[in-house]
Amino acid sequence: MKKIAILTSGGDAPGMNNAVRSIVKTALAKGMEPYLVYEGYYGLHSGNIKLATEVNVDQYIAKGGTFIYSARFPEFKNPKIRLEAKKQLDNLGIEALVVIGGDGSYYGAQLLHEIGVKTMGLPGTIDNDITSSEFTIGFDTALNSIVENVDRIRDTMESHNRAAVVEVMGHGSGDLALFAGLATGAEVVVTSENIKSPKEIASIVKKQIKEMGKRSVIIIVSELIYDNLDKLSKTIEEFSGVVTRGMSLSHLQRGGVPTAMERVNSSLMGIKAVEYLIKGESGLAIGILNGKFTGTPILEALALPREDRHKFANIVNDLNQS
Ligand code: F6P
């Protein structure tokens with residue numbers, strides 16, 4: 001195999017740049033010609049592809065986002081669009097494609113594998129919801145950003161004897177909320193494993209402030225659970241008697257300089273992807289399983305059940321409320 005391409009797809013994640021860098025450099029070291037596809041599957045379809053040697057990939061080592069940009073491109077579900085995208089690779093003589101993205105992006109890589117493109121998937125999403133990897137690219141950095149911001153919010157809530165509802169991302173996965181909850185001591189953490197009504201949250205807030213004498217209460221909630229943060233905060237305030245503010249950390253948690261572990265894991269996953277391609281493998285999802293960097297067939301990876309976090313959710317809430 002001589003020519004390979006790389007794309008990033010779906011929500012950007014810190015660490016994507018490190019993965020791209022290590023794929024490019026490993027490929028060059030193995031005598032391959034690496035190409036960069038700009039703007040994900042959208043750019044693949046429109047032929048926005050550049051020789052990687054035209055770019056200094058080292059300059060992005062400490063930068064969040066993805067320097068080859070990303071896009072959401074649902075049109076890729078259309079078989080005709082996929083064949084047209086494959087044609088763009090064929091025209092340049094590119095045989096393999098490494099896709100860095102979430103589960104939707106993995107599915108695209110699987111479908112390309114089925115029509116003869118050699119593909120590898122790298123788990124790039126802050127959500128930590130790719131079951132074939134214990135950690136996804138972007139999760140550690142997003143988690144650290146959430147923790148830093150919740151600590152700041154704690155300072156001001158503590159000064160005013162208030163409660164704060166802080167909404168974090170996750171797209172159905174509660175990992176950002178649960179890990180941040182444990183790391184910050186948030187008194188309430190609400191995820192899909194552990195949904196609480198506004199009145200239930202209010203009674204915990206009341207107990208923490210009025211009976212246990214705490215100066216502040218932090219309530220971390222996963223996105224997509226409550227429709228309206230202001231309404232939720234007002235109801236908590238009304239039933240607890242504690243002034244409550246609501247805020248979403250929104251896209252602030254997705255940008256930012258990748259942490260050291262993010263850079264290390266993303267780089268090692270990138271190297272692994274090239275190694276598998278050299279061995280002639282295709283249709284694999286690269287990830288960390290039991291501490292080892294490994295490849296799982298994408299279809300198998302997508303069907304793996306998510307780890308049950310009910311017990312973890314209870315542990316976090318019990319520990320932080322005691
Ligand atoms: O998948 C990553 C993610 O950040 C999710 O946590 C979130 O639900 C979604 O993307 C937001 O997407 P967008 O930036 O397109 O609004």
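Basis for what follows: all heavy atoms, side chains included, without hydrogens, waters or symmetry-related copies. Because the structure is predicted, anything quoted here is derived from the model rather than measured. Order of listing sets the numbers, starting from 1, for every ligand and every atom in it.
Ligand 1 lies out of reach of Gln253, whose nearest heavy atom is not under 4.0 Å from it. Residue-ligand proximity: Gly170 is placed with a non-hydrogen atom under 4.0 Å from ligand 1.
A salt bridge does not link Asp230 with Lys234: none of the charged nitrogens is closer than 4.0 Å to a carboxylate oxygen. Contact check on Lys214 versus Glu187 returns a salt bridge, with a Lys/Arg side-chain nitrogen under 4.0 Å from an Asp/Glu carboxylate oxygen.
Scanning the protein for heavy atoms near atom 3 (C) of ligand 1, the closest one is Arg254 NH1, 3.5 Å. Protein heavy atom closest to atom 2 (C) of ligand 1, with residue, atom name and distance, is Asp127 OD2, 3.4 Å. In terms of protein heavy-atom proximity, atom 8 (O) of ligand 1 is nearest to Glu223 OE2, 2.5 Å. Scanning the protein for heavy atoms near atom 16 (O) of ligand 1, the closest one is His251 NE2, 3.6 Å.
Screening Phe76, Phe73, Tyr106 for a ring-ring contact (aromatic ring centres under 6.0 Å, His included) involving Tyr41 leaves a single residue, Phe76. Applying the side-chain hydrogen bond (donor to acceptor under 3.5 Å, both in side chains) test between Arg309 and each of Asn194, Asp175, Asn314, Thr191 identifies Asp175 as the sole match.
Sparse packing is recorded around OH of Tyr107, with 12 or fewer heavy atoms of other residues, nucleotides or ligands lying under 6.0 Å away.
The side-chain hydrogen bond (donor to acceptor under 3.5 Å, both in side chains) pairs that include a residue from residues 264-281 number zero, where partners must be two or more places apart or lie in different chains.
Among Arg72, Met169, His171, the residue whose heavy atom sits closest to atom 12 (O) of ligand 1 is Arg72.
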